[in-house]
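Dropping the structure in here first, questions after.
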2 protein chains.
Amino acid sequence: MDAPNVPDVIHLASPCTSYSGRVTKRSEGARGRLSRDVIVACAIALADAEGLEAVTIRRLAQEQGVTPMAMYWHFSDKDSLLDGMAESLVAAVKLPEPTDQPWDEQLHGILAAFLDAIRPHPAVAGLALRRILTSPSGLALAEQALDLIRSAGFSDEWAAQAGSFLLCAVITLVGSQPGGAGHVLEGEARDQMLREKRAAMAALPPARYPNVLAAAPWLVACPDEDAYYALNLRLLVQGIKGIQPVAPA
Amino acid sequence: MDAPNVPDVIHLASPCTSYSGRVTKRSEGARGRLSRDVIVACAIALADAEGLEAVTIRRLAQEQGVTPMAMYWHFSDKDSLLDGMAESLVAAVKLPEPTDQPWDEQLHGILAAFLDAIRPHPAVAGLALRRILTSPSGLALAEQALDLIRSAGFSDEWAAQAGSFLLCAVITLVGSQPGGAGHVLEGEARDQMLREKRAAMAALPPARYPNVLAAAPWLVACPDEDAYYALNLRLLVQGIKGIQPVAPA
DNA sequence: ACCTGAACACCGTTCAAGT
DNA sequence: ACCTGAACACCGTTCAAGT
């Protein structure tokens, strides 16, 4: 915006903050190490910092000090880059070991593990929606969840339908957290947006929307993320428990 | 794809199928009737037919027999077009009248009404995620849902957190329905994609993924959409019932 | 009030070519 | 094996101008 017509070369040395917190420059030292994993990590870091719409083939190349077309050696197209990002997220899931706890508590553990993996990357989470069954880690996740659900007496059909929805619902949980999970905009602009949302709420006719106004503080922002996630995770587990077809032994 | 470099003029007479099923040509008869509502309806129809990524300022203008820049008279930018599409969806919600049924049954009715409104437009549903509280119809929806939830004894905070999640979860429900809710691709290509997904499943090691394989038929497609929606709607309502803080009278 | 024309800064992607 | 250069068909958007 500020500097139109500036050629790519200027930003060659831009650092690429990886999502684990480390910083990966490739201005001069690390030249020549351009791999799938590095690109994916950089793409995730970029999405975390500026939103998914900032993840662009050209921008990624610039961040790496490389020509846009170099990306096409490592990825057939942009969609497979997105696949890689999603796969990287679900690969980070730390699946709990099966125990002798009740099935619903174990299921809770699995969903919580999935949540923990995607929570740091709300802008990327949505990509996993239709990509869970395409990666080994996602399959392991689904396998373990389905195992528990079927052990509770659900038919194959119900287990499939409820199980896939539960995983998608966890993704939604992080993508739709009231505070606004997309851009993670900086302090100044973020405060401004919050002010505007609060003002819009305050302008509502109180006689018509008493309940919305009472809930407003938790609708415009998310003052306690942990509480939000804990509550709705319990909601999901209680939900599938509530439609359980047969009583367990 | 087939005819590159063809100027816009050629497709002037393209019909624009509105989402209610009517066809709105504007080749010669209806010239001059270009309004917000017509554009939004056309955009929704286009998204239904070819997916959200086909909804483009330029494509919309072409469909309307008009210059791309004409859109900017009616919408300040593309985002406000998207706002309009989302608002149109939630405006179609037919909210049930309050009754003397238990709160959870009434809440089920509200979520079902919301589901019915967005189900015909899976490609557009996701747009409503962060736009419910910005339109009168969305506010009415939230108001009624929050009213019921608070009447069940939930605190303002819990009602806000669970309520907003429930509405988002309904959106997810239509966006993540196993059959693939995005493009609605035509019979030929659709069958091919189903074949590929089934083949990928069949190629999995059966000893490692017994549960995924048992559930496979309902994971790759959605043979019974009604059952899918009914089951998971019940799951959501049972879920919030399951975390109810105090017993009702 | 409503629309056009020309232009700008972006996209993803292909294809031939370099090392 | 890995990357570059030039080109193509798209995007959203601005600005001045037409009627």
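The figures here come from the full heavy-atom set of this structure, side chains too, leaving out hydrogens, waters and symmetry mates. Letters A, B, ... are given to chains in the order of the sequence lines, protein chains preceding strands, and every chain is numbered from 1.
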Integer-rounded Å distance: D/dC11 C1' and B/Leu52 CG = 14 Å
Could you check how far CD1 of A/Ile57 sits from P of C/dT14, rounded to whole Å?
-> 11 Å
With A/Leu111 as reference, evaluate A/Leu141, A/Leu167, A/Leu173, A/Asp116 under the side chain to side chain contact (heavy atoms under 4.5 Å, CB included) test and give the passing residue.
-> A/Leu167
Crowded around A/Arg195 CZ? As in, over 12 foreign heavy atoms under 6.0 Å?
-> yes
Provide, to the nearest angstrom, the distance between the CG atom belonging to B/Asp77 and the C1' atom belonging to D/dC11.
-> 14 Å
For C/dC10, take OP1 and OP2 only and decide whether either is under 4.0 Å from a side-chain N or O of A/Thr56.
-> no
Closer to the 5' end of DNA chain C via nearest nucleotide, is it B/Thr67 or A/Asp79?
-> B/Thr67
Side-chain donor/acceptor of B/Ser164 to backbone N/O of B/Ala160, under 3.5 Å | yes
Side chain of B/Trp73 (C-beta onward), nearest among C/dG12, D/dC3, C/dC2 | C/dC2
side-chain N/O B/His74 vs C/dC3 OP1/OP2, d < 4.0 Å | yes
G-U wobble or Watson-Crick pairing nucleotide for D/dC10 (cut-off 3.5 Å, both distances) | none
What is the distance from CZ of B/Arg59 to C1' of C/dC11, rounded to the nearest Å?
-> 18 Å
Using whole Å, report how far CZ of A/Arg58 lies from C1' of C/dC10.
-> 8 Å
D/dG5 - base-pair partner by Watson-Crick or wobble geometry, distances under 3.5 Å = C/dC15
Could you give the NZ-to-P distance, from A/Lys78 to D/dA9, as a whole number of Å?
-> 21 Å
Taking atom C1' of C/dC2 as reference, at what distance in whole Å does atom CZ of B/Phe75 sit?
-> 14 Å
Atom pair distance, as rounded to whole Å: CE in B/Met69 and P in D/dA17 = 15 Å
Here the pair of heavy atoms bringing B/Asp224 nearest to A/Gln161 is O-NE2, 4.0 Å
Is the backbone of A/Val212 close enough, under 3.5 Å, to the side chain of B/Glu143 for a donor and an acceptor to pair up by distance?
-> yes
